[in-house]
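To start, the structure under review is shown below, and the notes come after it.
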Amino acid sequence: MASVKPSVPKGTRDFSPAEMAKRNYIFDTIKSVFRKYGYQQIETPAMEKLSTLMGKYGEEGDKLIFKIINNGDFLADGGINESNITADSKKMLPLIAEKALRYDLTVPFARYVVMHQNEISFPFKRFQVQPVWRADRPQRGRYREFYQCDADVVGSNSLLNEAEFVLIYDEALSKLGLRDFTIKLNNRKILSGIAEIIDKNDNIVYLTVAIDKLDKIGLDGVIKELLEKGFTNADIEKIKPVILLEGSNEAKLASLRDALAKSETGLKGCDEIETVLNYIANCPTKTAKVELDITLARGLNYYTGAIFEVKTNEVAMGSIGGGGRYDDLTGMFGLKGLTGVGISFGADRIYDVMEELNLFPEATTESTQVLICCFDADGERYAFPLVQRLREQDITAELYPAGAKIKKQLDYANSKNIPYTIVIGSDEIQSGLLAFKNMTSGVQEKLTAGEIMKRLK
RNA sequence: GUGGAUGUAGCUCAGUUGGUUAGAGCACCAGAUUGUGGUUCUGGGGGUCGCCGGUUCGAGCCCGGUCUUCCACCCCA
């Protein structure tokens with residue numbers, strides 16, 4: 001077979017030992033916080049039925065789902081024939097692909113809840129740390145395979161959950177060493193209220209997209225864009241206070257209540273935000289700034305209440321986390337009236353941020369604690385039970401195999417960042433005093449095996 | 001999906017208007033040093049110049065296509 005130049009698909013990556021150490025540091029930190037708040041881990045398959053995923057993420061989302069072509073002769077077995085063959089790929093797709101890679105963790109979780117509803121006691125708090133795949137065009141901080149760390153609670157409409165997620169974001173990201181980040185809050189009901197007062201329910205997306213550009217293109221630019229999208233001058237007058245919202249969260253809420261006075265839904269949204277902010281006020285975040293931002297329009301397809309987004313202010317990077325409340329996600333799978341709220345951490349983006357800010361502790365790259373180096377086969381026979389004794393004491397220890405030169409063995413220790421070595425030759429075997437070397441300082445001492453173990457514990 | 005850049009040794013990068021055998025630093029291997037690493041010195045291995053095609057007497061350099069990575073949109077973690 002002709003040799004092929006090795007490569008991985010666009011937007012995917014290998015992770016080497018040093019990277020995995022850092023990635024696990026992120027995963028372990030986030031998981032430990034999830035557990036501390038009472039969330040339990042589940043996993044779901046990498047692939048789902050295509051029908052489970054399609055239509056849940058909007059038209060754009062459907063395009064970004066990786067489809068898996070049917071096994072076997074998909075042209076013959078898929079039931080494609082003269083009568084149903086067409087040039088419309090949307091219609092052909094279900095005939096050639098019935099599985100797809102998961103696009104996020106929320107929809108598979110909704111599917112899981114419906115399938116396992118009889119085993120679950122509500123409210124159900126679960127977390128999930130797994131890769132997801134999107135056929136997006138890769139960029140910095142944007143990959144086609146990346147990990148999400150999700151925590152969701154279903155079966156509780158209490159706003160306490162929303163408040164707790166703010167604290168989870170704050171605690172996990174603070175623990176990872178981020179110093180300046182903002183948790184942005186919005187509420188879908190406020191967006192609905194804005195659309196309601198100008199009777200433009202179908203155009204919330206244009207509205208939020210335009211408002212979001214305020215600091216880029218200014219008020220005139222926003223107005224121009226809104227006019228182009230079919231909004232009238234009268235509409236714009238009504239929502240101007242909303243576009244120009246500024247000041248503290250309290251001030252923003254007050255002007256929103258003014259502007260939304262005629263919308264019951266809008267006022268409900270304001271109340272919900274206020275309740276969450278009040279919980280937080282009594283139990284402040286350590287690091288995070290919490291900010292009401294009505295331009296947050298993410299996940300418009302299924303969010304119905306709170307919307308979250310987390311941004312770091314230390315480096316230029318898209319959001320490192322997001323989430324929200326969905327009142328009826330399981331409804332799509334036949335289980336009505338079950339509400340859920342959840343958040344997600346983008347582990348790969350957090351990694352990129354931490355790498356840029358140099359936030360990984362030294363210790364994450366340290367693997368083995370002590371390496372035993374021998375001059376000859378006698379030393380190896382002597383060292384083999386010794387390395388096992390060290391391991392029994394929970395000391396991470398290695399015995400360098402196959403009698404290489406001591407120089408090579410010590411080079412190996414350096415390249416693996418191993419802080420201590422034990423050198424064993426005939427003198428050491430005879431006296432029982434082993435050469436114990438500190439690789440950082442270069443200091444070498446003659447110690448018994450027992451003394452060395454005490455040093456390493 | 002639209003538009004724009006990029007690609008030379010394991011890594012970071014030089015490489016003149018197209019012209020002999022494509023270079024440097026770091027890394028790697030060996031020796032100086034047969035019981036001791038990180039410093040130093042000496043030597044060495046390593047390249048289909050992303051890939052395919054075209055122009056030319058001649059292409060790392062020019063042209064077309066393709067792939068990768070990156071940037072701006074769109075969207076998102």
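Lettering of chains follows the sequences in order, A, B, ..., and the numbering in each one begins at 1. Everything numeric here is computed off the predicted structure, so don't read it as measured data. Worth knowing before you read on, the calculation uses all heavy atoms, side chains too, and leaves out hydrogens, waters and symmetry mates.
Taking only side-chain atoms of A:Arg142, from C-beta outward, the nucleotide of B:A77, B:U36, B:U69 with the closest atom is B:A77. For A:Ser344, counting side-chain heavy atoms from C-beta on, the closest listed nucleotide (B:A77, B:C73, B:G37) is B:A77. Checking B:G37, B:G35, B:U69 against the side-chain heavy atoms of A:Lys10 singles out B:U69 as nearest. For A:Gln139, whose side chain is taken as the heavy atoms from C-beta onward, the closest listed nucleotide among B:G37, B:C71, B:A77 is B:C71.
Atom CD of A:Glu19 and atom P of B:C11 are 13 Å apart (whole Å). Between the P atom of B:A77 and the NZ atom of A:Lys311 lies a distance of 13 Å, rounded to the nearest Å. In this structure, A:Tyr57 atom OH and B:C76 atom P are separated by 13 Å, rounded to whole Å. Between the OH atom of A:Tyr103 and the P atom of B:A77 there is a distance of 7 Å, rounded to whole Å. Summarising the geometry, the separation between CG on A:Leu105 and C1' on B:C76 is reported as 14 Å, rounded to the nearest angstrom. Atom CE of A:Met317 is separated from atom P of B:C76 by 17 Å (rounded to the nearest Å). Distance A:Tyr412 OH to B:C28 P: 15 Å, rounded to the nearest Å. Going from atom CD of A:Glu309 over to atom C1' of B:C75 covers 12 Å, rounded to whole Å.
Across all strands shown, A:Asp411 has heavy atoms under 4.0 Å from sugar-phosphate atoms exclusively, and none from any base. If you check every strand for non-hydrogen atoms under 4.0 Å, A:Ser7 touches nothing. Using a 4.0 Å heavy-atom criterion, one finds that A:Asp104 contacts no nucleic acid atom at all. Nucleic acid contact for A:Lys437: base, since at least one base atom lies under 4.0 Å from a heavy atom of the residue. Contact annotation for A:Gly61: no contact, since no heavy-atom pair falls under 4.0 Å across all strands. As judged by a 4.0 angstrom heavy-atom cut-off over every strand, A:Gly58 is placed among residues making no nucleic acid contact. At a threshold of 4.0 angstrom between heavy atoms, the contacts of A:Gly11 are confined to the sugar-phosphate backbone, with no base atom among them. Counting non-hydrogen atoms under 4.0 angstrom, A:Arg349 reaches a base of the nucleic acid. Using a 4.0 Å heavy-atom cutoff across all strands shown, A:Ser426 reaches at least one base atom of the nucleic acid.
By the neighbour-count criterion of 12 heavy atoms within 6.0 Å, atom CE of A:Met115 is sparsely surrounded, having that number or fewer from other residues, nucleotides or ligands.
Taking only side-chain nitrogens and oxygens, A:Lys405 comes nearer than 4.0 Å to OP1 or OP2 of B:G31.
Here the side chain of A:Asp152 pairs no donor or acceptor atom with the backbone of A:Gly340 at under 3.5 angstrom. Although no hydrogens or angles enter the test, the distance criterion places no donor-acceptor pair under 3.5 Å between the side chain of A:Asp150 and the main chain of A:Gln128. In this structure a side-chain-to-backbone donor-acceptor pair under 3.5 Å is missing from A:Arg325 to A:Gly342. Counting only distance, with no hydrogens or angles, the side chain of A:Asp62 and the backbone of A:Met54 share no donor-acceptor pair below 3.5 Å.
B:G58 and B:G65 are spaced 23 Å apart, taking the C1' atom of each and rounding to whole Å. Distance check on atom P: B:G50 versus B:C13 gives 15 Å, rounded to whole Å. Separation of the P atoms belonging to B:G23 and B:U16 is 14 Å when rounded to the nearest angstrom. Nucleotides B:A59 and B:C49 have their P atoms positioned 12 Å apart, rounded to a whole Å. The same atom, P, is picked in B:U69 and in B:U8; the two are 14 Å apart, to the nearest Å. The gap from the P atom of B:G38 to that of B:G31 amounts to 14 Å, rounded to the nearest Å. One P atom belongs to B:C62, the other to B:C75, and the distance between them is 37 Å to the nearest Å. The same atom, P, is picked in B:A24 and in B:G15; the two are 15 Å apart, to the nearest Å.
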Report task. Check the pair A:Phe27, A:Tyr147 against ring-ring contact (aromatic ring centres under 6.0 Å, His included), reporting the backbone distance first and the verdict last. Result -> CA-CA 9 Å; A:Phe27 293 139; A:Tyr147 272 71; 5.1 Å; yes
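Between the side chain of A:Arg137 and the base of B:C76, no donor-acceptor pair of N or O atoms lies under 3.5 Å. In this model, no side-chain donor or acceptor of A:Gln409 finds a partner on the base of B:U36 within 3.5 Å. In the interface, the side chain of A:Glu428 is paired with the base of B:G35 through a donor and an acceptor atom under 3.5 Å apart.
For the pair A:Phe375 and B:G35, the ring geometry does not qualify as stacking, because the centroid separation below 5.5 Å and plane angle under 30° are not jointly satisfied.
Place A:Gln148 and A:Val423 on RNA chain B by their nearest nucleotides, and A:Val423 ends up nearer the 5' end. The nearest heavy atom of RNA chain B to A:Lys407 and to A:Asp348 marks one nucleotide each, and the one closer to the 5' end goes with A:Lys407.
Both distances falling under 3.5 Å, in either a Watson-Crick or a G-U wobble arrangement, place B:G53 opposite B:C63. Base pairing of B:G3: its partner is B:C71, meeting the Watson-Crick or G-U wobble criterion (both donor-acceptor distances under 3.5 Å). Across all strands shown, B:U39 forms no Watson-Crick or G-U wobble pair with both distances under 3.5 Å.
A:Ile26 and A:Ala347 make their closest contact through CD1-O, 4.1 Å (heavy atoms, listed as atom of the first residue, atom of the second, distance).
To the nearest 0.5 angstrom, A:Ile294 atom CD1 is 11.0 Å from A:Ile307 atom CD1.
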